[in-house]
Amino acid sequence: MQKPFALIVMAMVFVATFPAAAKTIHIDINKMAYSPAKVTAHVGDVIEWTNSDIVDHSATEKDGKFEVILPVKGKANITVKEAGVIDYYCKFHPNMDGKIEVVK
Ligand SMILES: [Cu+2]
């Protein structure tokens, strides 16, 4: 009886000590649009944009919290640090819209 119990406790401690590893979420920019335009991320995840278009783009947060410039074939990333909804757009083509929902 004692050994399985100890194993369960060890497993619980392990899960509590090591939260889900941060991951990288890829967003492609293609034909003047973010793809996917809406993603869900966890705090600590990395959002990486790749510009597959033939013109420069940006990912600019609507309240100015961040801006990354994406030259043709360029890549850039941010790490999301708090829960909430991030609305961003391309400052060169303001009709390009993206959204990141960040959960804990
Ligand atoms: Cu653009």
Side-chain angles (χ1 to χ4, degrees):
M1 273 310 258
Q2 225 165 351
K3 265 190 184 166
F5 180 73
L7 280 175
I8 289 167
V9 170
M10 280 168 62
M12 286 167 68
V13 168
F14 183 82
V15 168
T17 311
F18 299 95
K23 61 182 188 299
T24 299
I25 295 168
H26 297 275
I27 300 173
D28 192 42
I29 307 178
N30 202 343
K31 299 193 176 89
M32 310 294 283
Y34 303 105
S35 178
K38 186 180 176 208
V39 296
T40 300
H42 287 85
V43 172
D45 284 351
V46 173
I47 312 294
E48 183 173 82
W49 290 270
T50 301
N51 182 2
S52 301
D53 260 340
I54 54 168
V55 293
D56 293 355
H57 292 295
S58 79
T60 304
E61 207 270 337
K62 284 185 178 167
D63 294 329
K65 287 182 193 151
F66 70 82
E67 176 173 80
V68 293
I69 302 296
L70 294 137
V72 174
K73 304 302 170 200
K75 280 178 196 257
N77 65 68
I78 62 161
T79 301
V80 288
K81 297 199 170 90
E82 54 184 307
V85 175
I86 298 171
D87 285 302
Y88 67 94
Y89 69 109
C90 173
K91 73 171 178 180
F92 307 116
H93 315 99
N95 58 321
M96 290 173 61
D97 262 321
K99 188 183 284 273
I100 305 166
E101 190 183 1
V102 185
V103 296
K104 289 204 173 175

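Counting convention: from 1, in listed order, for ligands and their atoms alike. Side chains are part of it too, since the values below use all heavy atoms of this structure and drop only hydrogens, waters and symmetry mates.
When atom types are taken as modelled, the side chain of D53 and the backbone of K31 share a donor-acceptor pair closer than 3.5 angstrom. Under a 3.5 Å cut-off, the side chain of S58 and the backbone N or O of K91 do form a donor-acceptor pair.
In the hydrophobic clustering (ILVMFWY side chains linked at under 4.5 Å, chained through shared members), F92 is joined by I69. Other residues sharing a hydrophobic cluster with V46 under the 4.5 Å side-chain heavy-atom criterion for ILVMFWY residues do not exist; the residue is a singleton.
Note on ring orientation: taking the six-membered ring where Trp is involved, the planes of Y88 and F66 are tilted (angle from 30° to 60°).
Listed by chain and residue number, the protein N/O/S atoms under 2.8 Å of the Cu ion (ligand 1) are H57 ND1, C90 SG, H93 ND1, with waters left out.
With sequence neighbours excluded, the residues forming a salt bridge (Lys or Arg N to Asp or Glu O under 4.0 Å) with D97 are K62, listed by chain and number.
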